[in-house]
Amino acid sequence: MVLMNLNRKKFLIICLVSMQLLVFLLFFLATPSDSLNPRRQRFFGTSSENVKPRRSVGNETCPECATISTTKRKIAANKLKRAPPIFQGPTNDRQRAIVAAFQHAWAGYKKYAWGHDELLPVSKRFEDPFQLGLTIVDSLDTAIIMGLETETREGVEWIRNSLNVSPAKSVNVFETTIRVLGGLLSGYHLTGEEALLEKATKLGDNLLNAFTKSKSPIPKSDVDLGTGAAFSPNRGYSSLAEATTLQLEFRDLSVLTGDKKYEETAFKASEHVHKAKCAEHDGLCFYHIDENGEFKKTAITLGARADSYYEYLIKQWLQTRKSIDWLRDDFLQSMKSIKNHLYRQSQPSGLWFIGEISENRDFYPKMDHLVCFLSGSLALSHLNGLDENGEHLEMAKKIGQICHKMYQNPTGLGPEIIHFNIENRTEDVSREDSYVKSLDSHSLLRPEAVEAWFYLYRVTKDPKYQEWGWSAFEAIEKYAKVETGGYSSIDNVLRKKVRRRDKMESFFPAETLKYLYLLLTDDQEILPLDRWVFNTEAHPLPVYN
């Protein structure tokens, strides 16, 4: 009897262990979409792998197109080998405050501007420069990353049912690519929703007209999404950034669709600039390019019209798993030239900043808020073994510091531009290192400073970057929040009695709040930087093998 009881106990123990082992094997041998993202079906219904895409040819449906599309996407999936990640939502009070801010922005937009491009929160109206539901598409992945199921579902359903990517509307190719195409692609990667990829593919086809209608590899700056007409309204010029900040998105579209035309067409613009050398300033380029692909002499700047060219050199290199050497080499050369030509110290305190070279070839001590992006690019360089002596990280820290100084004003908000004193006048002890001109004192609630601190915190784990981000957010809450819904740009950061500009830029919820949320998260392994690359609108796209 005792022996039977012992055998029975052993049998129960063996059964229990076997069941645990079976659960363990089922979890780890399940398909990636099931094991890595159990929320996916609850969020979006059936897995996108079971959805048969439908393609249209004229007014006829094309049954065989679905098979071709599915086959190409399976090939593409082998390159990505990644299921949508899990996002658990905020884990601390500061993150919860950021989420509440996003929900306040979304609610105001939904109430007064739903389906339109951008909210005018003070007047409770909207504007439609793109006619693409810009704020929904641009902000969707922020909602996903924050774990907001209601807002995510609302956004996906609007895109699926209402987004028309072929309106009779002329749009800027650069802005549409980074905000709308990038938002659709990122949303697809994070959810697996087939409708997002289908819209992205059609939009990509429409945007390609900017390349095919150009005499050179440099695309026209604007395109009519309805007719396909393409043109460059600024005297025929495209800007350096407009031509070379499309490649992450078009390459990703090629990977997902299996159609090389997107990557190959867009990458020709990068190759064209690479071959031009920009030798006059050792790899720093003028920012206007004419219809023949020739550079026109302009100022040398890392601000508007040039900035993201340098950003996409290293990010394309990372996206392609470091396989295109000249992208790395051009990035390294440009960083060396920035240090030699644009990196200066203010007086009297010796603060490091990035200036410009004027058309007269004089150094101009002016720095756009946009230039704060450079800190993140240098931090990525350090993370990826391009910073042998630590110079890039040191520069990144100094730029992050000067970007923080931009926010040290009566409102605590960042102005559009800051100027620096560089003359050493020892007799004038009252002089400040920097100042803001009245015409440059507005704040659009831009993301670049927070972006810099996000990358710096990922690299250094120094909590001061979190504190700087939190202080900036507190200023936004105090001065930019519109109680009836949304947030507004500010006319002058130097006056506490603020006047609102009545505009919530789509990049505020898409970028500024996303980078704040990621900066303040407890889990800094969310969207790891060796597996994801953020486009210049903060849309995460995967590195492929």
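FYI, the numbering just counts along the sequence from 1.
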Check whether any side-chain heavy atom of [X] lies under 4.5 Å from a side-chain heavy atom of [Y], and answer yes or no.
| X | Y | value |
| --- | --- | --- |
| Val223 | Asn206 | no |
| Glu511 | Glu537 | yes |
| Arg96 | Asp93 | yes |
| Phe507 | Arg446 | yes |
| Ile490 | Arg501 | no |
| Ile476 | Phe508 | yes |
| Val171 | Val180 | no |
| Lys322 | Leu327 | no |

Could you tell me whether a side-chain N or O of [X] sits under 3.5 Å from a main-chain N or O of [Y], the two making a donor and an acceptor?
| X | Y | result |
| --- | --- | --- |
| Ser254 | Asp259 | yes |
| Tyr517 | Thr142 | no |
| Asp141 | Ser186 | no |
| Gln466 | Leu519 | yes |
| Lys514 | Ala538 | yes |
| Asp128 | Asp117 | yes |
| His104 | Val482 | yes |
| Arg328 | Leu318 | no |
| Ser471 | Glu467 | yes |
| Lys315 | Phe534 | yes |

Can you tell me how far [atom2] of [Y] sits from [atom1] of [X], rounded to the nearest 0.5 angstrom?
| X | Y | atom1 | atom2 | value |
| --- | --- | --- | --- | --- |
| His369 | Leu445 | NE2 | CG | 9.5 Å |
| Arg531 | Leu541 | CZ | CG | 14.5 Å |
| Leu148 | Phe87 | CG | CZ | 12.0 Å |
| Leu225 | Asn209 | CG | CG | 9.0 Å |
| Glu311 | Thr244 | CD | OG1 | 10.0 Å |
| Gln103 | Lys110 | CD | NZ | 11.5 Å |

Identify which one of Tyr465, Tyr515, Trp468 satisfies the ring pair (Phe, Tyr, Trp, His ring centres under 6.0 Å) criterion when paired with Phe454.
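The passing option is Tyr515.
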Shortest non-hydrogen contact between [X] and [Y], atoms and distance:
| X | Y | value |
| --- | --- | --- |
| Val99 | Pro90 | CG2-CG, 3.9 Å |
| Asp307 | Ala241 | OD1-CB, 3.9 Å |
| Ser381 | His392 | OG-ND1, 2.6 Å |
| Glu175 | Asn172 | N-OD1, 2.9 Å |
| Phe373 | Leu302 | CE2-O, 3.6 Å |
| Ser166 | Asn164 | N-OD1, 3.0 Å |

Using 4.0 Å as the upper bound for N to carboxylate O, is an ion pair formed by [Y] and [X]?
| X | Y | result |
| --- | --- | --- |
| Glu118 | Arg179 | yes |
| Glu505 | Lys503 | yes |
| Lys261 | Asp205 | yes |

Exercise. Of Leu380, Leu378, Leu383, Leu529, which is the lone residue that meets side chain to side chain contact (heavy atoms under 4.5 Å, CB included) with Val459?
Worked result: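 Option passing the side chain to side chain contact (heavy atoms under 4.5 Å, CB included) with Val459: Leu383.
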query = Looking at Thr177, Leu181, Leu185, Leu248, which one forms a side chain to side chain contact (heavy atoms under 4.5 Å, CB included) with Asn535?
reply =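 That would be Leu248.
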Kindly say whether the aromatic ring centers of [X] and [Y] come within a distance under 6.0 Å.
| X | Y | result |
| --- | --- | --- |
| Trp453 | Tyr407 | yes |
| Trp470 | Tyr457 | no |
| Trp114 | Trp106 | yes |
| His274 | Phe267 | no |

Do you see a donor-acceptor pair shorter than 3.5 Å between the side chains of [X] and [Y]?
| X | Y | answer |
| --- | --- | --- |
| Gln95 | Thr91 | yes |
| Asp502 | Ser123 | yes |
| Thr245 | Ser308 | yes |

Q. Does Lys213 NZ have over 12 foreign heavy atoms under 6.0 Å away?
A.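 Check passes, neighbour count above 12.
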In this structure, are over 12 heavy atoms from other groups packed under 6.0 Å from Lys268 atom NZ?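 Not more than 12 within 6.0 Å, no.
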Next on the checklist: I'd like to know whether Leu513 forms a side chain to side chain contact (heavy atoms under 4.5 Å, CB included) with Tyr487, so could you lay out the CA-CA distance, the side-chain angles of the two residues, the decisive distance to 0.1 Å, and finally the verdict.
Outcome noted: CA-CA 11 Å; Leu513 292 180; Tyr487 291 78; 5.5 Å; no
Stepwise side chain to side chain contact (heavy atoms under 4.5 Å, CB included) test for Phe174 and Ser239: CA-CA 10 Å; Phe174 160 73; Ser239 76; over 6 Å; no
Could you check Phe211 against Ile218 for side chain to side chain contact (heavy atoms under 4.5 Å, CB included), going step by step and ending with a plain yes or no? CA-CA 7 Å; Phe211 291 92; Ile218 302 299; over 6 Å; no
What residues, two or more places apart in sequence or in another chain, satisfy side-chain hydrogen bond (donor to acceptor under 3.5 Å, both in side chains) together with Thr135?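 side-chain hydrogen bond (donor to acceptor under 3.5 Å, both in side chains) list for Thr135, sorted by chain: empty.
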Please test Leu456 against Asp462 for side chain to side chain contact (heavy atoms under 4.5 Å, CB included), starting from the C-alpha separation and ending with a verdict. CA-CA 8 Å; Leu456 285 167; Asp462 189 333; over 6 Å; no
**Report entry** Residues Tyr109, Trp158; criterion ring-ring contact (aromatic ring centres under 6.0 Å, His included); working and verdict
**Finding:** CA-CA 14 Å; Tyr109 169 78; Trp158 184 87; 8.6 Å; no
Next on the checklist: Please list all pairs meeting salt bridge (charged side-chain N to carboxylate O under 4.0 Å, His left out) that have one or both residues in residues 239-251, counting only residues at least two apart or in different chains.
Outcome noted: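 Every salt bridge (charged side-chain N to carboxylate O under 4.0 Å, His left out) pair that includes a residue of residues 239-251, provided the two are not neighbours, is Arg251-Glu263.
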